[in-house]
**Q** 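Dropping the structure in here first, questions after.
Order of the sequence lines fixes the chain letters, A, B, ..., with proteins taken first and strands second; residue numbering starts at 1 for each chain.
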Number of protein chains: 2
Amino acid sequence: MVKNKIDSTTQDKILDAAREIFFKQGYAGGKMQDIADAAGINKALLHYYFKTKEKLFEVIFLDAFSKFVPKIDLLLETENPFLEKIENFIGIYISFLSSHSAIPLFVINEINKDPEAFTQRMFGTKSLPFPIQKLFSLINKEVEQGNIIEIAPQHLLINMISLCVFPFLAKPLMYRVMGLSEKQFTLILDQRKSEVFVFIKNALHPTIYSRQKN
Amino acid sequence: MVKNKIDSTTQDKILDAAREIFFKQGYAGGKMQDIADAAGINKALLHYYFKTKEKLFEVIFLDAFSKFVPKIDLLLETENPFLEKIENFIGIYISFLSSHSAIPLFVINEINKDPEAFTQRMFGTKSLPFPIQKLFSLINKEVEQGNIIEIAPQHLLINMISLCVFPFLAKPLMYRVMGLSEKQFTLILDQRKSEVFVFIKNALHPTIYSRQKN
DNA sequence: GTCTATACGCAGATAGAC
DNA sequence: GTCTATCTGCGTATAGAC
C-alpha cells in the first residue's frame with residue numbers, strides 16, 4: 001500500500017498517548033512533549049498530525065464527552081417497568097465508568113474551566129440528542145400513577161447521576177480517608193452496581209406516609 | 001504603625017486573588033501574572049510575599065481542602081436520633097457548598113492530578129481527624145437495631161457525599177443539558193437541602209420486604 | 001513594601017533535511 | 001512520514017532602584 005495517506009497506526013498511538021496525558025494532567029498540565037514521549041515519537045510529528053495542541057485536545061475531549069453522557073435512551077424504552085429500566089441504566093453506566101474511570105474528572109474539569117468553549121463545542125458540532133423532556137415526562141407519569149414516590153424529575157436524574165459518577169471522581173480521596181487500599185475501594189465501587197439500584201429503589205418506593213416532606 | 005511587618009491587607013488581596021484564579025484554572029492553568037492582576041499588584045510583589053508559585057498554591061489548597069472535608073462530627077453527637085443527625089449534616093454541608101461552590105472541583109481535581117503530593121500534604125501537616133470508624137460503628141448499630149435498612153456504612157457515606165457534592169461539580173454541564181438557566185439550576189441546588197434528606201430517609205426506611213437485594 | 005527591567009527556562013510551533 | 005534543529009513567546013523568578 002502506498003504511503004500517501006496518514007499512517008493510522010501512528011495516529012492511533014498519538015490519540016492513545018494524548019488521552020493518557022490529557023486525562024491525567026488536563027489541558028494546561030498536559031505537555032506536547034509528554035504526549036510525544038508516550039507515543040514514542042517527537043513533537044514535530046505530533047504537529048504534523050494535529051496542527052495545534054488545541055486541535056488535538058478537541059478530538060480527545062469530544063470523544064470523551066460523548067462517552068460520558070449517559071445513555072438516557074435506556075430509560076425511555078417503554079417495554080419493561082420503570083424500576084427495571086433504572087436498574088439497567090445504572091448497571092450499564094457504572095460498568096462503563098469502571099473501565100473508563102478517568103473520563104468523568106476529565107470532562108467535568110474541562111467543562112468547568114471553560115464553560116463557553118464547551119458550549120460552543122457542544123452546539124457547534126451536532127446538537128447532541130438529549131431526550132431530557134421525554135425522560136421528565138416519563139418520571140412524572142410514574143409519579144402520577146403512584147408507582148414511585150412524589151419527586152421532581154430533575155432531582156431524580158441528578159441523584160442517579162450523582163450516585164453513579166461521584167465515587168469515581170472522589171476515589172483517590174475517599175479510599176485514603178476510609179483507610180482502605182485502592183484495591184479494596186475498587187471492590188466497593190463494583191458493588192455499587194447493585195447497591196445504588198437498591199438504594200434508589202427504596203427511596204422511590206411509595207410508603208403509607210409518603211411525602212410528608214417538611 | 002511601623003511597616004516592619006508584612007502588610008496583611010496586601011497579603012489578603014493576594015490570597016483572595018490566588019483563590020479566584022486557582023479555583024477556576026487549577027495549578028497549571030493559573031498564571032502568576034493573572035493573580036497579580038487580580039490582586040492589583042505586580043508579579044515581583046507576589047514573589048516577595050510567596051517565594052514560589054508552588055508555595056502560594058499550597059496555602060490555597062490546604063485551606064480549601066480542610067473546608068471541603070465534611071464535618072463528620074455532626075453525625076456523631078449521640079443526643080438526637082440518627083435521621084435528624086443526617087438531616088442536620090446534609091443541610092449544613094450543602095449550605096456551605098452553595099457559598100463555596102468552586103471548592104469541590106478544585107480539591108477533587110488537584111488531588112487526582114497528583115495523589116502522592118496530596119497524601120504528603122495531608123499526613124505531612126497534621127493528621128486530620130476523620131472519625132470514620134466511629135461513624136461506621138454508629139451506622140452498623142442503627143442497622144442492627146432495625147432503625148434503618150441493612151446497608152454497608154461505606155456505601156451510605158459515599159451516597160450522602162455524592163448526593164451533596166456532585167451537583168456542584170456538574171453544574172455547568174447539567175443546567176445546559178437540562179435546558180435551564182444558571183439561575184434556575186441554582187434554585188434547584190438550593191432545594192436539595194430538603195430533597196436529598198427526604199431521598200435518603202426514604203431509602204433507609206425499613207420496609208416489610210426490606211433487603212431482598214438480588 | 002512596591003515598583004521596572006530583565007534573566008532564563010520551558011513549551012508550542014515551524015523549517016528543512018532525509 | 002519522520003526526524004533534528006531552531007524560532008518564539010510565555011511564565012516563573014530575580015536584581016536592583018525607589
**Q** Counting neighbours of NZ on B:Lys134 that are heavy atoms of other residues, nucleotides or ligands and sit closer than 6.0 Å, is the number greater than 12?
**A**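 No - once you tally the heavy atoms of other residues, nucleotides and ligands closer than 6.0 Å, there are 12 at most.
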
**Q** Could you check how far CG of A:Leu46 sits from C1' of D:dG1, rounded to whole Å?
**A**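 One finds 14 Å between C1' of D:dG1 and CG of A:Leu46, rounded.
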
**Q** For C:dT14, take OP1 and OP2 only and decide whether either is under 4.0 Å from a side-chain N or O of A:His47.
**A**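 For A:His47, the contact criterion (side-chain N or O under 4.0 Å from OP1 or OP2 of C:dT14) is not met.
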
**Q** Do A:Asn88 and A:Glu84 have side-chain atoms, one donor and one acceptor, less than 3.5 Å apart?
**A**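 Result is no, nothing qualifies.
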
**Q** Quick check: are there more than 12 heavy atoms from other residues, nucleotides or ligands sitting under 6.0 Å from NZ of A:Lys24?
**A**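 No - once you tally the heavy atoms of other residues, nucleotides and ligands closer than 6.0 Å, there are 12 at most.
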
**Q** In whole angstrom, what separates A:Ile35's CD1 from C:dG12's P?
**A**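 It works out to 8 Å between those atoms.
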
**Q** Calculate the interatomic distance between A:Lys53 atom NZ and D:dC10 atom P; express it in whole Å.
**A**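 Result: 14 Å.
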
**Q** Do any side-chain nitrogens or oxygens of B:Thr10 fall under 4.0 Å of OP1 or OP2 in C:dT2?
**A**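 True: B:Thr10 side-chain N/O within range (under 4.0 Å) of C:dT2 OP1/OP2.
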
**Q** Between C1' on C:dG1 and CD1 on B:Ile41, what's the gap in Å once rounded to a whole number?
**A**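 Interatomic distance, CD1 of B:Ile41 to C1' of C:dG1: 10 Å.
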
**Q** Have a look at A:Tyr27 and tell me which of A:Lys53, A:Glu110, A:Glu54 forms a side-chain hydrogen bond (donor to acceptor under 3.5 Å, both in side chains) with it.
**A**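 Among A:Lys53, A:Glu110, A:Glu54, the one meeting side-chain hydrogen bond (donor to acceptor under 3.5 Å, both in side chains) with A:Tyr27 is A:Glu54.
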
**Q** Judged by each residue's nearest nucleotide on DNA chain C, which is more toward the 5′ side, B:Leu45 or A:Gln33?
**A**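 The residue whose closest nucleotide sits nearer the 5' end is B:Leu45.
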
**Q** Is the shortest side-chain N to carboxylate O distance from B:Asp16 to B:Lys13 below 4.0 Å?
**A**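 Salt bridge: no.
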
**Q** Nearest-Å distance, CD1 (B:Ile14) to C1' (C:dT2)?
**A**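 Value for this atom pair: 11 Å.
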
**Q** Categorize A:Gly29 for me: base, sugar-phosphate, or nothing, with a 4.0 angstrom heavy-atom threshold over every strand shown.
**A**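 Since no nucleic acid heavy atom lies under 4.0 Å of A:Gly29, the category is nothing.
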
**Q** Just N and O in the side chain of A:Tyr48: are any of them under 4.0 Å from OP1 or OP2 of C:dT14?
**A**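 For C:dT14, OP1/OP2 do not have a side-chain N/O of A:Tyr48 under 4.0 Å.
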
**Q** Find the distance A:Asp34:CG to C:dC10:P and express it as a whole number of Å.
**A**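 Interatomic distance, CG of A:Asp34 to P of C:dC10: 12 Å.
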
**Q** In whole Å, what is the span from the NZ atom of A:Lys43 to the P atom of C:dA13?
**A**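 Rounding to the nearest Å, NZ of A:Lys43 and P of C:dA13 are 10 Å apart.
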
**Q** Counting heavy atoms from C-beta on, name the nucleotide in C:dA11, D:dT12, D:dC3 closest to the side chain of A:Ala44.
**A**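 Selected nucleotide (nearest to the side chain): D:dC3.
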
**Q** Between atom CG in A:Asn42 and atom C1' in C:dA15, what is the gap in whole Å?
**A**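 Taking CG of A:Asn42 and C1' of C:dA15, I get 14 Å after rounding.
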
